[in-house]
Amino acid sequence: MIGFATDSIAPQDRFEHWRELRAKHVLGVTLELPIERRRAFQGRFRSRTVGSATVTSIRASAYVVKRTESDIARVAGNSICIGHQIEGPGHLETAGGVEKINKGDMIIGFSDAPFVATPTGDKAFHYRMTRIPLTAGLAMGAAIDDMQSARVDTSSTAVRPMHALFKAVHGSALAPNMEDAAGTDLGRLALAVRGLLPIGIPEIRRAMRHGLYHAALDMMDANKSEPGLTPDKVAGSIGISRRQLFTVFEEAETSFAKTLSVMRIRAARQWLLERPTAPVIDIAFGCGFESVATFYRVFSKAYGMSPSDLRHSEHIG
């Protein structure tokens with residue numbers, strides 16, 4: 001993990017430090033900001049590797065970003081880049097033209113194609129990016145070199161699984177033994193979204209199942225407190241059948257029921273500790289369990305003690 005913030009740097013030096021050390025030499029881009037706005041500049045940067053991929057999160061004051069031919073010659077990337085504009089709209093200019101980038105948009109492109117990104121207004125932005133090194137096995141014969149950065153067309157059936165897998169790569173939901181597969185699958189889904197790989201080939205179908213698994217996890221985690229959260233509801237919410245959902249979980253070597261139970265019991269453990277005076281029965285029902293007896297049985301199996309014993313042990317400790 002690499003982390004950096006401008007907080008400890010004198011205001012008059014922050015932007016120059018950010019531009020030279022973080023942008024120019026790490027990311028390989030050129031930044032522009034009017035002199036009169038530089039003293040107010042602030043930025044935070046985090047980057048880490050997930051398998052062969054590099055995931056980066058940037059929060060900073062608005063500025064113009066350019067990836068020029070000289071930047072590319074100095075810091076060649078040879079990667080597929082997938083970005084998510086969380087905050088801060090703007091315009092993206094490439095050899096393919098100019099398009100507006102709105103809050104929430106995703107962008108896919110080849111790292112070594114020039115672009116200019118200009119913010120709309122002067123509000124701070126938040127941007128996440130995944131860079132996946134380009135290999136022959138990943139590209140599977142697709143021509144990537146002239147793939148300009150562009151906003152994602154959300155009509156592709158590969159968008160939902162790609163977004164879910166992108167989110168998983170940036171979060172903590174991936175098992176270590178799945179990190180390499182996640183990067184490869186995410187890169188291939190990005191190429192499918194851009195129309196460079198066909199949806200129907202086995203590699204893309206497998207990548208979509210991987211992404212749909214994480215889409216299902218997101219939906220289940222957000223709604224785990226609902227007692228009536230069924231496979232049919234989850235499958236319908238991500239646009240697949242109940243049978244397809246079970247296949248997705250089977251390939252992940254788990255089951256829908258077990259996964260949901262683990263989510264609920266972990267939430268219950270957290271609530272027991274954060275709400276020490278709340279009745280156990282309220283926590284059990286609040287976390288989606290329909291039976292207190294089932295809750296006690298599952299909890300004891302997971303943690304080797306009863307909910308009351310957990311509270312007591314934490315209090316003593």
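To the nearest 0.5 angstrom, Phe295 atom CZ is 6.5 Å from Cys287 atom SG. Residue Leu165 holds its CG atom at 12.0 Å from CE of Met208, rounded to the nearest 0.5 Å.
The neighbour count for Glu36 CD, taken as heavy atoms of other residues, nucleotides or ligands under 6.0 Å away, is above 12. Around the CZ atom of Arg37, the shell of radius 6.0 Å holds more than 12 heavy atoms that belong to other residues, nucleotides or ligands.
In this structure, Ile199 and Ala192 approach most closely via the heavy-atom pair CD1-CB, 3.9 Å. Of all heavy-atom pairs between Asp153 and Val193, the closest is O-CG1, 4.4 Å. Leu196 approaches Ala143 most closely through the heavy-atom pair CD1-O, 3.9 Å. Summarising the geometry of Thr54 relative to Ser47, their closest heavy-atom pair is CG2-OG, 3.3 Å, with the distance given to 0.1 Å. Taking every heavy atom of both residues into account, Leu138 and Pro133 meet most closely at CD2-O, 3.4 Å. The heavy-atom pair separating Ala190 from Ile80 by the smallest distance is CB-CG2, 4.3 Å.
The closest side-chain heavy-atom distance from Arg19 to Arg38 is below 4.5 Å. Side-chain contact between Ser57 and Phe45 is absent, with no heavy atoms from C-beta onward closer than 4.5 Å. You'll find the side chain of Val234 reaches within 4.5 Å of the side chain of Leu229, heavy atoms only. Side-chain contact between Pro227 and Phe289 is absent, with no heavy atoms from C-beta onward closer than 4.5 Å.
Under the 4.0 Å criterion applied to side-chain N and carboxylate O atoms, Arg67 and Asp112 are assigned as salt-bridge partners. For the pair Arg206 and Glu203, the salt-bridge criterion is not met [side-chain N within less than 4.0 Å of a carboxylate O]. In summary, Arg275 and Asp282 do not engage in a salt bridge, as defined by a charged side-chain N under 4.0 Å from a carboxylate O.
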- Message: Evaluate His84 against His170 for ring pair (Phe, Tyr, Trp, His ring centres under 6.0 Å), listing each step before the verdict.
- Response: CA-CA 11 Å; His84 185 200; His170 279 261; 8.7 Å; no

- Query: Where do Phe299 and Tyr303 land on the ring pair (Phe, Tyr, Trp, His ring centres under 6.0 Å) test, with the steps shown first?
  - Reply: CA-CA 6 Å; Phe299 192 95; Tyr303 298 110; 4.9 Å; yes

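In the hydrophobic clustering of ILVMFWY residues, with side-chain heavy atoms under 4.5 Å counting as a link, Val26 and Val75 come out apart. Using a 4.5 Å cut-off between side-chain heavy atoms of Ile, Leu, Val, Met, Phe, Trp and Tyr, with links allowed through other members, Trp271 and Val262 fall into different hydrophobic clusters. Val169 and Val152 fall within the same hydrophobic cluster, defined by Ile, Leu, Val, Met, Phe, Trp and Tyr side-chain heavy atoms under 4.5 Å apart, directly or through other members. Ile72 and Ile144 fall into different hydrophobic clusters, where Ile, Leu, Val, Met, Phe, Trp and Tyr are joined by side-chain heavy atoms under 4.5 Å apart, directly or via other members.
Put simply, the side chain of Glu99 gets close to the backbone of Arg151: a donor and an acceptor are under 3.5 Å apart. In terms of modelled atom types and a separation under 3.5 Å, the side chain of Ser111 and the main chain of Asn78 share a donor-acceptor contact. A donor-acceptor distance shorter than 3.5 angstrom exists from the side chain of Asn223 to the backbone of Met219, with no hydrogens or angles considered. Checked by atom type and distance alone, the side chain of Thr184 never pairs as donor or acceptor with a backbone atom of Ala181 at under 3.5 Å. Side-chain atoms of Thr247 come within 3.5 Å of backbone atoms of Arg243 as a donor-acceptor pair (strictly under, hydrogens ignored).
Remark: Arg128 engages no residue in a salt bridge (Lys or Arg N to Asp or Glu O under 4.0 Å) (not counting sequence neighbours).
No cation-pi contact links Arg46 to Phe4, judged by a cut-off of 6.0 Å to the six-membered ring centre and 45° from its axis.
Donor-acceptor pairing under 3.5 Å is lacking for the side chains of Ser308 and Ser306. For the residue pair Thr230 and Asp232, no side-chain donor N or O sits within less than 3.5 Å of a side-chain acceptor on the partner.
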